[in-house]
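Residue numbering restarts at 1 for every chain, and letters A, B, ... go by the order of the sequence lines. Quantities reported herein were computed from a predicted structural model and do not represent experimental measurements. No hydrogens, no waters, no symmetry mates; every other heavy atom, side chains included, goes into these values.
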Amino acid sequence: MNVLYFAWVRERIGLPRETIETSAPTPRALIEELRSKDPRYAAAFADLAALRVALDQELADFDAPLKGVKELAFFPPMTGG
Amino acid sequence: MNVLYFAWVRERIGLPRETIETSAPTPRALIEELRSKDPRYAAAFADLAALRVALDQELADFDAPLKGVKELAFFPPMTGG
Amino acid sequence: MQILLQEPSFDAGALLNAFTAGAGNIGAVVSFTGVVRDHPQTPLTAMEIEHYPGMTERALEEIAKSAAQRWSLGDVLVVHRFGRLTPGEQIMMVAAAAPHRRDAFDAADFLMDYLKSRAPFWKREITAQGPQWVQANPQDEDALARWSKD
Amino acid sequence: MQILLQEPSFDAGALLNAFTAGAGNIGAVVSFTGVVRDHPQTPLTAMEIEHYPGMTERALEEIAKSAAQRWSLGDVLVVHRFGRLTPGEQIMMVAAAAPHRRDAFDAADFLMDYLKSRAPFWKREITAQGPQWVQANPQDEDALARWSKD
């Protein structure tokens, strides 16, 4: 699965994107997996309330199913306009 | 006093403006005076609810004092914008 | 504060650009442009706009000043034409520039509501069936009530 | 429906004129332009806008479509830039053309509320004190609630 990071999530993780092999069923489970892998992820994902997730370019819930998803993105609340 | 008419009030009276010598204390009294003078005024002033009045270029009430007023205007509700 | 009362057409885009450039350190500009709309049934030959010279300028200035007093604005623009217009022509325009977007939206909305019912213009539509004065819409009067004491 | 996502600056006036001319038989056009506002205390060197290529285009189209479904509109325009901007530069613009003025105002207001919180853009301000990500304003999220079920 392609995983993308934007804004300060990207900065804390130090990468704009990476390919992750995972069997995590939801974004929430994937976050737990990554947090335990490296302190950079722990820093980026410290506060879920300050985080948003998109699955295949649509905003989604942290408990949405990851099955079949090709592209996942984590980012802070948007500040367009 | 200069009396001005606009839109269909002007059309019904047949004049855009005229000078009127009056001792009417209010626009309402002036309207009564004019109505009895000529059927054109009676036609223009038939329905006060459809009429507006300005005294010296400020919207005013039909019972506002005419004392000192130089320019009075009668017209229908405005349709700007 | 810029007020334009004129018979000729105006260039809304050029006015918007000049207004935005001149409004100072602002974050938001809202503009409204009114266009002569054709009738679906009886095609409109022309829209004639009569006004009250002297009072019109005063009313436009008062309306713009009220908006400037009520909201924190960088600048206000009011443009209104009179005379004979054809369908598709632009009748009028307002713009409000503000540090914050809510103020710009509300001020433009307020300017429009006041222009509709408090500026001495009268519209007459000319169709094949002859001329017809446009009647004031009671909703326009109701819209004004939104701005009193809230 | 016109969506422009681009790095270079745009000419709001020229876009407004073309939009109005192309919107068909409408009576009202409301536009909103967002401008990079300088800070009174720590002067802003630049505003950097990051976005999510692919998702951004989809989000802008969805937002414009929602407006077109919700109100009776002649046309909708959405313009948004990304990259590095300096104070006074125009960031984005929306416009809504409609037969009636209330629809044009509400649609433009709605477009702005959704762009603020539902389009994947992230702003970063650069000052002498370094870069700082702009935090989402809780009021912007609250503003969205206005449009649900009324």
Check your understanding: By a 4.5 Å heavy-atom criterion (distance strictly below it), what part of D:P87 contacts chain C: side chain, backbone, both, or neither?
Key ->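 Neither part.
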Show the pairs of one donor and one acceptor atom, one from chain D and one from chain C, lying under 3.5 Å apart.
{"unit_1": "D:D11", "atom_1": "OD1", "unit_2": "C:N17", "atom_2": "ND2", "d": "2.7"}
{"unit_1": "D:G13", "atom_1": "N", "unit_2": "C:N17", "atom_2": "OD1", "d": "2.9"}
{"unit_1": "D:N17", "atom_1": "OD1", "unit_2": "C:G13", "atom_2": "N", "d": "2.9"}
{"unit_1": "D:N17", "atom_1": "ND2", "unit_2": "C:D11", "atom_2": "OD1", "d": "2.8"}
{"unit_1": "D:N25", "atom_1": "OD1", "unit_2": "C:D38", "atom_2": "N", "d": "2.7"}
{"unit_1": "D:N25", "atom_1": "ND2", "unit_2": "C:D38", "atom_2": "O", "d": "3.0"}
{"unit_1": "D:G27", "atom_1": "O", "unit_2": "C:V35", "atom_2": "N", "d": "2.9"}
{"unit_1": "D:V29", "atom_1": "N", "unit_2": "C:T33", "atom_2": "O", "d": "2.9"}
{"unit_1": "D:V29", "atom_1": "O", "unit_2": "C:T33", "atom_2": "N", "d": "2.8"}
{"unit_1": "D:S31", "atom_1": "N", "unit_2": "C:S31", "atom_2": "O", "d": "2.9"}
{"unit_1": "D:S31", "atom_1": "O", "unit_2": "C:S31", "atom_2": "N", "d": "2.9"}
{"unit_1": "D:S31", "atom_1": "OG", "unit_2": "C:S31", "atom_2": "OG", "d": "2.6"}
{"unit_1": "D:T33", "atom_1": "N", "unit_2": "C:V29", "atom_2": "O", "d": "2.8"}
{"unit_1": "D:T33", "atom_1": "O", "unit_2": "C:V29", "atom_2": "N", "d": "2.9"}
{"unit_1": "D:V35", "atom_1": "N", "unit_2": "C:G27", "atom_2": "O", "d": "2.9"}
{"unit_1": "D:R37", "atom_1": "NE", "unit_2": "C:P99", "atom_2": "O", "d": "3.4"}
{"unit_1": "D:D38", "atom_1": "N", "unit_2": "C:N25", "atom_2": "OD1", "d": "2.7"}
{"unit_1": "D:D38", "atom_1": "O", "unit_2": "C:N25", "atom_2": "ND2", "d": "3.1"}
{"unit_1": "D:P99", "atom_1": "O", "unit_2": "C:R37", "atom_2": "NE", "d": "3.4"}
{"unit_1": "D:R101", "atom_1": "NH1", "unit_2": "C:D140", "atom_2": "OD1", "d": "3.1"}
{"unit_1": "D:R101", "atom_1": "NH2", "unit_2": "C:D113", "atom_2": "OD1", "d": "2.6"}
{"unit_1": "D:R102", "atom_1": "NH1", "unit_2": "C:D109", "atom_2": "OD1", "d": "2.9"}
{"unit_1": "D:R102", "atom_1": "NH1", "unit_2": "C:D109", "atom_2": "OD2", "d": "3.4"}
{"unit_1": "D:R102", "atom_1": "NH2", "unit_2": "C:D109", "atom_2": "OD2", "d": "2.9"}
{"unit_1": "D:D109", "atom_1": "OD1", "unit_2": "C:R102", "atom_2": "NH1", "d": "2.9"}
{"unit_1": "D:D109", "atom_1": "OD2", "unit_2": "C:R102", "atom_2": "NH1", "d": "3.4"}
{"unit_1": "D:D109", "atom_1": "OD2", "unit_2": "C:R102", "atom_2": "NH2", "d": "3.0"}
{"unit_1": "D:D113", "atom_1": "OD1", "unit_2": "C:R101", "atom_2": "NH2", "d": "2.6"}
{"unit_1": "D:D140", "atom_1": "OD1", "unit_2": "C:R101", "atom_2": "NH1", "d": "3.1"}

Review point. Under a 4.5 Å heavy-atom cutoff, which of D:A14, D:A18, D:A104, D:P99 has the most pairs with chain C?
Key: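 Of D:A14, D:A18, D:A104, D:P99, D:P99 has the most heavy-atom pairs under 4.5 Å with chain C.
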Practice item. Would you mind telling me which of D:V30, D:I91, D:V29 has the largest number of heavy-atom pairs within less than 4.5 Å of chain C? Key: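 Of the options given, most contacts go to D:V29.
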Exercise for review: Would you mind checking which part of C:A108 comes under 4.5 Å of any heavy atom in chain D, side chain (CB onward), backbone (N, CA, C, O), both or neither?
Suggested key: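 For C:A108, the contact with chain D is made by backbone and side chain together.
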Review point. For D:F19, which residues count as a ring pair (Phe, Tyr, Trp, His ring centres under 6.0 Å) partner, sequence neighbours excluded?
Key: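 Per chain and number, D:F19 pairs via ring pair (Phe, Tyr, Trp, His ring centres under 6.0 Å) with no residue.
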Exercise for review: Could you check C:F105, C:F32, C:F110 and say which one makes a ring-ring contact (aromatic ring centres under 6.0 Å, His included) with D:F105?
Suggested key: C:F32
